[in-house]
Amino acid sequence: MRLRWIPAPSELHLLRNLKSFCLRGNYARVHAKDETYSSIPHQFGYLQKLRDLDLGCNNLTGPIPFELFNLKLTLLNLERNKLTGTLPDAISCLSNLKFLNLSFNEMSGKLTPKIGSLTQLFLLDLHRNYFEGDIPIEIGKCISLQKLDLGANKFTGAIPPTLSNLSQLRVLSLTRNSLTGAVPPDLSLLTHLDVLALGGNFLNPIIPIELERLTKLREIHLWWENSSEIEMLQSLAPDSRLRRLLLESAADVEPVGACGGGISVEDTAAESDNESGMYESEEDCDYQPNW
């Protein structure tokens with residue numbers, strides 16, 4: 001099923017066979033019958049065959065409607081809107097979810113431990129919101145994760161050691177929070193990691209020597225709000241590979257890899273049944289994600 005028009009919210013219930021819906025880049029402001037997508041229409045809950053939902057970059061406001069959590073989504077991209085509210089426990093109902101991007105919104109509250117129920121998730125991006133409190137240890141149960149970005153929030157407490165369970169992780173960004181304590185040595189178990197971004201926190205300046213085992217690491221961003229770069233470098237041997245990577249990354253204000261990530265939406269789309277979608281290719285919906 002291929003759509004040739006932008007359905008108004010009141011028309012969504014007519015699209016019961018729709019599997020993919022992509023409406024990006026402020027297109028939600030242009031549609032029929034003078035209806036606007038100022039918030040996410042609850043009528044999406046009628047689309048029980050929907051698997052991919054992309055409403056990124058539309059200045060949508062309000063919370064995520066609970067009706068979405070009754071679907072069997074594999075992809076949910078709501079980046080770069082003005083969504084508020086928190087991520088409810090009902091997120092655990094999306095057990096087939098593989099791609100969740102809520103970055104650049106205004107969501108807040110504590111990150112629910114139910115996030116650990118999403119064991120098929122391979123991208124979780126909550127960058128630049130207002131989430132607070134501890135990072136739940138249950139996030140270590142998301143064993144399929146390849147990219148985890150919780151940067152630019154208000155998380156406090158220690159980096160949970162359970163992150164070391166994420167053996168497939170390639171990008172880890174926890175930058176610009178208020179995390180404290182030591183960098184867990186067990187992060188060295190993340191042998192596929194190629195980007196590690198922990199800067200802008202209040203962590204112990206001693207870098208665990210175990211991180212030298214991360215032989216695939218190509219970017220590392222570690223700058224602390226409570227200590228100098230000199231203190232950090234003093235904890236590493238002069239010929240340390242980590243020391244070299246730190247010096248190479250020192251000029252970067254934002255972690256390039258945490259934004260670029262090396263993981264594309266194609267990885268998700270390849271596993272999603274998109275044969276009856278609103279679009280047939282990424283070009284059709286102007287889908288150009290930035291990771």
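You'll find the side chain of Glu106 stays beyond 4.5 Å of the side chain of Leu83, heavy atoms only.
When every heavy atom of Asn177 is checked against every heavy atom of Asn153, the shortest pair comes out as OD1-C, 2.9 Å. Considering all non-hydrogen atoms of both residues, Arg243 and Ala237 come closest at CD-O, 3.5 Å. The two residues Cys142 and Ile115 have their closest heavy-atom pair at SG-O, 3.2 Å. Nearest approach of Leu94 to Leu68, heavy atoms of both residues: CD2-O, 3.6 Å. Taking every heavy atom of both residues into account, Thr175 and Leu198 meet most closely at CG2-N, 4.0 Å.
With sequence neighbours excluded, no residue forms a ring pair (Phe, Tyr, Trp, His ring centres under 6.0 Å) with Tyr130. For the side-chain contact (heavy atoms from CB on, under 4.5 Å) test, residues two or more places apart in sequence or in another chain that qualify with Phe104 are Arg80, His127, Arg128. Residues passing the side-chain contact (heavy atoms from CB on, under 4.5 Å) test with Ile206, sequence neighbours excluded: Asn204, Ser235. With sequence neighbours left out, Tyr46 forms a side-chain contact (heavy atoms from CB on, under 4.5 Å) with His13, Arg16, Gln43.
With hydrogens and angles ignored, the 3.5 Å screen pairs a side-chain donor or acceptor of Asn129 with a backbone N or O of Met107. Within the 3.5 Å criterion, the main-chain N or O of Phe155 finds no donor-acceptor partner in the side chain of Asp134. With hydrogens and angles ignored, the 3.5 Å screen pairs a side-chain donor or acceptor of Ser240 with a backbone N or O of Leu242. Counting only distance, with no hydrogens or angles, the side chain of Arg51 and the backbone of Leu71 share no donor-acceptor pair below 3.5 Å. Asp54 places a side-chain N or O within donor-acceptor distance of the main-chain N or O of Gly56, the cut-off being under 3.5 Å.
Among residue pairs with one or both ends in residues 112-122, those qualifying as side-chain hydrogen bond (donor to acceptor under 3.5 Å, both in side chains) are Asp89-Thr112; sequence neighbours excluded. Within the structure, no pair that satisfies the side-chain hydrogen bond (donor to acceptor under 3.5 Å, both in side chains) test touches residues 154-168, not counting sequence neighbours.
Under the 3.5 Å distance criterion, with hydrogens and angles disregarded, a donor-acceptor pair is assigned to the side chains of Asp52 and Thr74.
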For side chain to side chain donor-acceptor pair (under 3.5 Å), just list the numbers for Lys72 and Asn96, CA-CA rounded to whole Å, side-chain angles, deciding distance to a tenth of an Å, and then say yes or no.
-> CA-CA 6 Å; Lys72 296 181 180 180; Asn96 296 321; over 6 Å; no
